[in-house]
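All ligand and atom numbering here is 1-based and tracks the order in the structure. All values below were derived from every heavy atom in this structure, side-chain atoms included, with hydrogens, water molecules and symmetry-related copies excluded. Since the model is a prediction, treat every value here as computed from it, not as a measurement.
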Amino acid sequence: MALQPKNVGILAMEVYFPPTCIQQEVLEAHDGASKGKYTIGLGQDCMAFCTDVEDVISMSLTAVSSLLEKYGVDPKQIGRLEVGSETVLDKSKSIKTFLMPIFEKCGNTDIEGVDSTNACYGGTAALFNCVNWVESSSWDGRYGLVVCTDSAVYAEGPARPTGGAAAIAMLIGPNAPISFESKLRASHMAHAYDFYKPDLASEYPVVDGKLSQTCYLMALDSCYKSLCDKYEKLQGKQFSVVDVDYFVFHSPYNKLVQKSFARLLFNDFLRSASSIGESAKEKLAPFSSLTSDESYQSRDLEKASQQVAKPFYDAKVQPSTLVPKQVGNMYTASIYAAFASLIHNKYSTLAGQRVMLFSYGSGLSSSMFSVRLNEGQHPFNLSNIASVMNIAEKLKSRQEFPPEKFVETMKVMEHRYGGKDFVTSKDCSLLAPGTYYLTEVDSKYRRFYSKKANENGTLANGH
Ligand code: ACO
């Protein structure tokens with residue numbers, strides 16, 4: 001049994017998003033929004049959504065089975081499986097249990113872990129649990145597996161274009177190419193009603209959009225301040241954005257990511273950090289005496305800090321924005337889809353770099369934490385992770401729906417949510433080989449899934 005594992009972190013990743021999507025430009029016109037509101041105003045390009053054959057369970061079955069297969073991991077080697085999700089299909093039975101047939105088939109039922117829920121933060125809680133398990137005295141030498149899976153859908157109205165859907169699976173263990181800098185971590189947890197799901201009959205949240213934006217930025221400020229303090233105590237020197245190579249944010253929509261990063265620069269300015277040069281100091285000086293409440297409302301500050309942040313943003317943030325802009329908010333999976341985008345874009349130059357992640361879940365829970373990247377060893381190396389995720393190909397092979405068909409799909413899903421005794425269309429023509437899909441929910445609410453045949457014609461049994 002391995003003892004005292006070193007460099008614990010993410011060994012492997014797989015990303016899945018539905019092949020069905022709608023262009024934001026098309027949705028904008030259909031919704032009668034002013035031209036540019038969704039594309040420039042929110043900064044989004046496209047949005048993925050589940051049709052009646054997909055849900056958070058089918059997406060996570062696909063992500064997990066694909067990860068195990070593509071990295072050659074024996075299901076018996078998994079000792080802990082944790083799922084983060086805020087898409088409730090059952091108030092008691094965890095999504096994790098729906099994944100167990102993959103492992104039961106191989107005779108492995110000795111797997112700890114269940115689901116974690118707090119809006120978009122559940123995946124990060126699951127990830128921390130798995131990393132902590134591997135670092136703990138109860139670790140038995142096997143891998144942890146984390147799954148983030150969500151279908152983000154909103155009622156018709158201004159929040160609808162900020163939906164999306166995806167599942168991400170991450171293998172956790174020692175000697176990882178993405179290892180945690182455990183001491184560089186700070187959290188901010190508080191009570192807020194910014195986005196919540198009290199109506200259990202509906203998949204849609206109750207959302208106070210403006211409040212959720214402010215809560216997100218306040219949580220970011222608080223995490224960043226605590227993290228800077230911790231670093232400065234540990235290292236005896238000041239911390240600023242220049243100490244980080246890349247930032248990865250929970251990404252409800254890209255404009256908020258732009259504003260968030262600019263906020264870090266404003267924090268650096270208030271702390272007189274070295275990242276802020278003379279000309280930036282001049283630009284931000286008029287805002288130095290704002291109260292923090294005033295600073296969240298000031299459009300002038302927003303503009304000035306985004307201007308100051310722009311060159312840093314292009315270098316340190318932009319490489320992580322691809323999938324969130326193309327797929328939309330994936331709730332728990334959103335931050336890890338942003339991280340996957342960074343690996344996709346930069347895998348060959350990431351060794352030795354520090355990446356800072358910010359995870360936010362309404363209600364609210366948030367953490368900022370740091371990881372260090374290194375080459376790793378096949379199959380657990382950065383270039384293989386990029387090649388397995390195959391993001392460019394997955395984005396390219398999607399099917400764009402016209403808005404009428406998208407709205408119709410949303411209606412079907414609304415009607416089916418929480419329902420029983422129906423069979424789905426079973427139309428898996430748009431799904432890639434090896435993708436799981438929902439076939440039926442019976443009169444006792446039991447859900448049944450099948451797997452689309454692989455290219456070589458092999459078919460795994462549904463269950
Ligand atoms: N061209 C360019 N930009 C435009 C245009 C246009 N024609 N029209 C509007 N805009 C800009 C606005 O100025 C605004 O930009 P700003 O924020 O820099 O001012 C942006 O587009 C959005 O316009 P708003 O009028 O602010 O949008 P609205 O209030 O209708 O909805 C919101 C936006 C609140 C984000 C809504 O989509 C929502 O509630 N989403 C869900 C909540 C959410 O995602 N919160 C984030 C954190 S919590 C979480 O992750 C769930």
Task: Phe401/Phe406 aromatic ring centres below 6.0 Å - done: no
Open item on the list: Taking the six-membered ring for Trp, are Tyr360 and Phe195 closer than 6.0 Å centroid to centroid?
Closed with: no
Does a salt bridge link [X] with [Y], judged by any charged N lying under 4.0 Å from a carboxylate O?
X	Y	result
Arg263	Asp221	yes
Arg416	Asp52	yes
Arg299	Glu302	yes

Which pairs of nitrogen or oxygen atoms, taken one from ligand 1 and one from the protein, are under 3.5 angstrom apart?
{"unit_1": "ligand 1", "atom_1": "7 (N)", "unit_2": "Ser34", "atom_2": "OG", "d": "2.8"}
{"unit_1": "ligand 1", "atom_1": "7 (N)", "unit_2": "Lys35", "atom_2": "O", "d": "2.8"}
{"unit_1": "ligand 1", "atom_1": "8 (N)", "unit_2": "Ser34", "atom_2": "OG", "d": "3.3"}
{"unit_1": "ligand 1", "atom_1": "15 (O)", "unit_2": "Lys255", "atom_2": "NZ", "d": "3.2"}
{"unit_1": "ligand 1", "atom_1": "17 (O)", "unit_2": "Lys259", "atom_2": "NZ", "d": "2.5"}
{"unit_1": "ligand 1", "atom_1": "18 (O)", "unit_2": "Lys255", "atom_2": "NZ", "d": "2.9"}
{"unit_1": "ligand 1", "atom_1": "18 (O)", "unit_2": "Lys259", "atom_2": "NZ", "d": "3.1"}
{"unit_1": "ligand 1", "atom_1": "19 (O)", "unit_2": "Arg299", "atom_2": "NH1", "d": "2.8"}
{"unit_1": "ligand 1", "atom_1": "19 (O)", "unit_2": "Arg299", "atom_2": "NH2", "d": "2.7"}
{"unit_1": "ligand 1", "atom_1": "26 (O)", "unit_2": "Lys210", "atom_2": "NZ", "d": "2.7"}
{"unit_1": "ligand 1", "atom_1": "29 (O)", "unit_2": "Lys210", "atom_2": "NZ", "d": "3.2"}
{"unit_1": "ligand 1", "atom_1": "30 (O)", "unit_2": "Lys37", "atom_2": "NZ", "d": "2.7"}
{"unit_1": "ligand 1", "atom_1": "37 (O)", "unit_2": "Pro158", "atom_2": "O", "d": "2.8"}
{"unit_1": "ligand 1", "atom_1": "40 (N)", "unit_2": "Thr162", "atom_2": "OG1", "d": "3.2"}
{"unit_1": "ligand 1", "atom_1": "45 (N)", "unit_2": "Ser212", "atom_2": "OG", "d": "2.7"}
{"unit_1": "ligand 1", "atom_1": "50 (O)", "unit_2": "His250", "atom_2": "NE2", "d": "2.9"}

Open item on the list: My understanding is that only residues two or more places apart in sequence, or in another chain, count here; which of them pass salt bridge (charged side-chain N to carboxylate O under 4.0 Å, His left out) with Glu112?
Closed with: Arg80
